[in-house]
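Quick notes on the structure that follows.
Values in this document were obtained by computation on a predicted structure and should not be read as measured data. Just follow the structure's listing: the first ligand is 1, and inside any ligand the first atom is 1.
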Amino acid sequence: MDTGCVRMPPTAGVEANQDWMLAKYRQKAYKMCMAENVKNTIGRLRTDIRRHDYLYYVLNQPEISDQQYDKLFAELKALEQANPQFITPDSPTQRVSERPIEGFAAVRHAVAMLSMDNTYNADELRAFDERVAKGLGSRNYDYVVELKIDGLAISLRYEKGVLITAATRGDGKVGDDVTANVRTIKAIPLRLMGDVPDVLEVRGEVYMPTKSFVQLNKVRIDAEEQAFANPRNAAAGSLKLLDPKITASRNLSFFAYATGEVSQTLAGNHYQSLQWFKKLGLPVNPDIKEAKDINEVIDICNSWGEKRHKLEYQIDGMVIKVNRFDQRDILGATGRAPRWCISYKFAAEQAETVVESIDVQVGKSGILTPVANLTAVLLAGTTVKRASLHNFDELNRLDVREGDTVVIEKAGEIIPQVIEVKKEARPAGTIQFKIPSQCPNCGGDVKKDQDGVYIRCLNTNCFGQLKERLKYFAGRGQMDIENLGDALIEQLVETGLVENFADIYKLTKDQLAGLERMAEKSAANVIQAIEKSKTRPLWRFIAGLGIRHIGGQSAQILAEHFGSLEAIMAAEEEELRAVEQIGPTMAKSIYEYFRDEKKREVIEGLLAAGVKPAQPKIKRGGKLAGKIIVVTGSLETMTRQQAEQTIRQAGGKVSSSISNKTDFLLAGGEPGSKLDKAKKLGVKVIDEKQFLEMV
Ligand code: IVH
């Protein structure tokens with residue numbers, strides 16, 4: 001390949017007394033030129049990736065497949081890994097920080113983030129329009145109508161096109177610095193494109209698409225964690241996590257809809273500024289419309305009443321904004337909200353239907369949940385046939401009976417629930433639902449939890465529970481055993497082939513092929529999927545066990561903290577409690593789980609069957625936990641990058657510059673100015689040997 005570089009001299013052939021100076025010079029030039037080539041390639045890959053992000057997130061017109069995109073990304077990552085000196089914070093590879101953050105610093109907004117007044121019907125919208133007309137002294141103005149996304153307002157500060165800070169609204173004047181978490185949102189560019197102003201604050205909504213919200217809640221409910229009431233809470237909760245890696249897994253997205261501080265604006269009105277945002281690479285909602293007057297505004301609002309359920313995210317209303325900035329200035333704001341803007345809130349949609357029967361389901365930890373089977377009814381875009389009644393206290397409070405006419409509503413617009421019983425429509429002869437005194441699945445004893453409202457089946461051998469536990473274990477967020485679906489699991493339990501997790505790994509192709517609806521080929525697929533799941537990461541394995549109060553997130557924390565299954569199993573309750581974000585209830589639950597003889601046997605069975613939960617890379621609480629270390633100069637036994645990786649693995653933090661927060665400077669040969677600075681600041685300097693001893 002022609003690199004365009006000075007040709008490297010054949011070192012072996014250079015005579016010692018020949019002009020070795022020239023040879024050395026050539027070597028150096030060659031290396032520099034190669035480095036320059038690598039740098040250029042890295043630059044080109046970054047530009048390409050940013051362009052594809054733009055095509056995907058802003059224009060909604062991707063030109064390449066996900067696989068092709070992943071390939072570009074992997075190429076960049078590999079080049080950066082081999083040449084870490086070229087890594088910059090705005091590289092697309094630098095979204096997720098390896099280490100958890102300490103907390104959220106306060107950020108004062110350069111321009112306050114106000115809230116909005118609400119309207120609920122056309123009359124109130126007209127009254128708003130009258131106030132605008134009066135304030136401007138004419139009817140010569142127009143509006144922009146936007147979707148009111150059910151998420152969380154965020155302010156992004158770009159300086160010279162680079163994302164510097166991301167902050168929540170907070171009280172409007174001071175918010176929380178959530179930069180590390182916001183950087184993980186792929187729709188938010190880390191660097192803007194084209195002609196960028198020196199300072200640009202972009203405001204917009206961080207939101208969680210409906211699919212991800214439903215999936216997240218499912219996982220949380222399975223782990224007996226509190227479900228999020230709506231996508232807004234889910235988005236807010238996800239931005240307030242201390243581990244950006246978990247935020248990265250939450251699949252958040254973003255739409256830009258306003259500016260804060262700008263050093264120079266290129267737009268006279270809001271609509272133009274949104275077009276300008278798009279040019280800079282910021283995603284803007286595609287359903288934003290200009291409206292010439294309030295009648296058009298009302299028509300647009302009405303048109304979304306039904307259509308909104310087809311969106312991939314939730315909206316709770318519309319936002320109406322006066323378009324021209326000079327007119328906004330004239331209208332000004334009250335203390336709380338601008339006078340040029342108003343929200344139009346949709347009423348929560350409800351439907352009436354009949355409870356045909358009430359079922360009791362048993363969950364994986366034995367919780368009994370009453371569920372209403374309903375006469376099918378259309379609600380907020382979907383046909384609803386079942387609604388959870390949550391628990392027996394709730395069922396009693398509402399006094400829901402078979403045969404009742406009930407009002408249902410979607411919680412967070414998504415999960416159907418019964419909110420009211422039409423007592424006046426109750427047919428004669430209905431009877432109050434009796435709380436089961438036995439498990440409807442196995443007939444075992446049931447008991448109400450000491451501390452809560454749940455009723456549980458106490459039989460640890462309950463088939464119903466076992467089925468649910470196995471479904472969860474094999475589920476997508478856990479061991480992810482493709483092809484081992486719910487129906488097959490039910491058969492495996494009913495035929496007695498599987499009595500615990502370990503039995504899954506003892507299944508043979510012939511046993512599976514002998515089951516109903518299973519052929520040779522599908523049996524082989526299942527065996528293959530089971531085999532593949534043996535090397536899932538440790539955290540998925542821990543999550544799969546279904547330990548009470550331990551979902552995917554806490555499993556990740558445990559796996560990273562302890563580093564091995566053995567260490568987690570051996571941990572004392574106090575040790576568990578000392579882990580950040582692992583509360584006393586969780587600690588007790590984990591401790592007790594691993595002290596149960598039967599559960600240990602199953603785990604041993606899993607390990608004996610070849611399940612090898614893979615080790616996570618990062619060890620929290622390692623030998624260098626909490627230490628900030630700078631590396632300089634050339635090392636003898638490792639590259640700088642390897643040293644940095646070792647530091648991270650031992651729980652330390654690598655910094656590129658010396659400050660009085662630095663704990664050590666690891667200095668190799670020819671350390672340069674960093675050594676001088678370390679000495680000046682009294683930072684401890686260690687050599688390679690000392691470093692190796694430390695780790
Ligand atoms: S504009 C001064 N536009 O609604 C108003 N807000 O209830 C600046 N929201 O805090 C906000 N979609 O979190 C605006 N298209 C949109 C919006 C939107 C959702 C949220 C935002 C704000 C809240 C006010």
Side-chain angles (χ1 to χ4, degrees), residues 109-120 124-125 128 131-132 135 143-156 166-176 178 182 185 187-188 201-210 213 230-240 252-262 269-271 273-275 277-278 282-291 297 300-301 304 308 311-325 327-329 331-346 412-413:
H109 299 300
V111 176
M113 290 178 81
L114 298 179
S115 69
M116 251 185 291
D117 287 330
N118 296 323
T119 60
Y120 297 90
E124 287 173 5
L125 276 177
F128 161 73
R131 293 196 295 275
V132 171
Y143 290 111
V144 175
V145 185
E146 302 180 5
L147 306 183
K148 186 169 189 301
I149 309 193
D150 192 21
L152 177 82
I154 209 90
S155 183
L156 308 174
T168 60
R169 180 172 173 270
D171 64 3
K173 293 193 185 78
V174 178
D176 286 326
V178 287
V182 163
I185 303 171
I188 295 182
E201 271 186 16
V202 178
R203 269 106 196 238
E205 202 79 355
V206 166
Y207 67 94
M208 187 179 285
T210 310
F213 172 71
N230 49 49
R232 182 204 322 280
N233 291 2
S238 302
L239 283 190
K240 296 303 285 290
L252 297 171
S253 200
F254 174 77
F255 285 126
Y257 54 58
T259 41
E261 186 187 342
V262 261
N269 70 36
H270 179 57
Y271 198 78
S273 77
L274 296 177
Q275 309 315 312
F277 277 177
K278 284 199 258 182
L282 291 157
V284 171
N285 189 281
D287 287 308
I288 295 177
K289 289 255 160 22
E290 285 175 296
V297 167
I300 297 174
C301 290
W304 280 100
R308 68 181 157 125
L311 291 165
E312 281 170 1
Y313 45 88
Q314 299 295 304
I315 62 171
D316 57 349
M318 307 292 290
V319 181
I320 296 98
K321 301 172 178 175
V322 169
N323 197 7
R324 272 169 49 184
F325 292 144
Q327 292 179 325
R328 287 185 179 190
D329 289 343
L331 290 164
T334 65
R336 208 184 78 86
R339 293 198 191 85
W340 45 263
C341 168
I342 199 107
S343 87
Y344 170 79
K345 291 274 209 107
F346 297 128
E413 306 271 322

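- Just one residue in the list Leu125, Asn118, Ile300 forms a side-chain contact (heavy atoms from CB on, under 4.5 Å) with Tyr344, and that residue is Leu125.
- Of the N or O atoms in Ile149, one or more lie within a sub-3.5 Å distance of an N or O in ligand 1.
- Distances from ligand 1 to the non-hydrogen atoms of Ile288 include no value under 4.0 Å.
- Counting only distance, with no hydrogens or angles, the side chain of Arg339 and the backbone of Leu331 share a donor-acceptor pair below 3.5 Å.
- The protein atom (non-hydrogen) at minimum distance from atom 10 (O) of ligand 1 is Ala153 CB, 3.8 Å.
- Comparing heavy-atom distances from atom 21 (C) of ligand 1 across Glu205, Arg203, Lys148, Arg336 singles out Glu205 as nearest.
- Scanning all protein heavy atoms for the shortest distance to atom 17 (C) of ligand 1 gives Tyr257 CE2, 3.4 Å.
- In this structure, the protein non-hydrogen atom closest to atom 24 (C) of ligand 1 is Met116 CE, 3.3 Å.
- Under the 3.5 Å distance criterion, the side-chain polar atoms of Thr168 are left unmatched by any main-chain donor or acceptor of Ala153.
- The atoms of ligand 1 that sit less than 4.0 Å from any heavy atom of Glu146 are 3 (N), 15 (N), 16 (C).
- Here the CD1 atom belonging to Ile149 is positioned 11.5 Å from the CZ atom belonging to Arg232, to the nearest 0.5 angstrom.
- Side-chain N or O atoms of Arg328 include one that pairs as donor or acceptor with a backbone N or O of Val322 at under 3.5 Å.
- Atom numbering of ligand 1 starts at 1 in the shown order; those under 4.0 Å from a heavy atom of Pro338 are 2 (C).
- Of the heavy atoms in Asp150, none comes closer than 4.0 Å to ligand 1.
- Arg336 places a side-chain N or O within donor-acceptor distance of the main-chain N or O of Met116, the cut-off being under 3.5 Å.
- Applying the side-chain contact (heavy atoms from CB on, under 4.5 Å) rule to Pro286 yields the partners Phe255; only residues at least two apart in sequence or on another chain are considered.
- Interface of Lys321 with ligand 1, defined as ligand atoms under 4.0 Å from a residue heavy atom, comprises 1 (S), 3 (N), 14 (C).
- Of the inter-residue distances, the one linking Ile315 atom CD1 with Asp287 atom CG reads 8.5 Å to the nearest 0.5 angstrom.
- Remark: minimum distance from atom 8 (C) of ligand 1 to any protein heavy atom is reached at Leu114 O, 4.4 Å.
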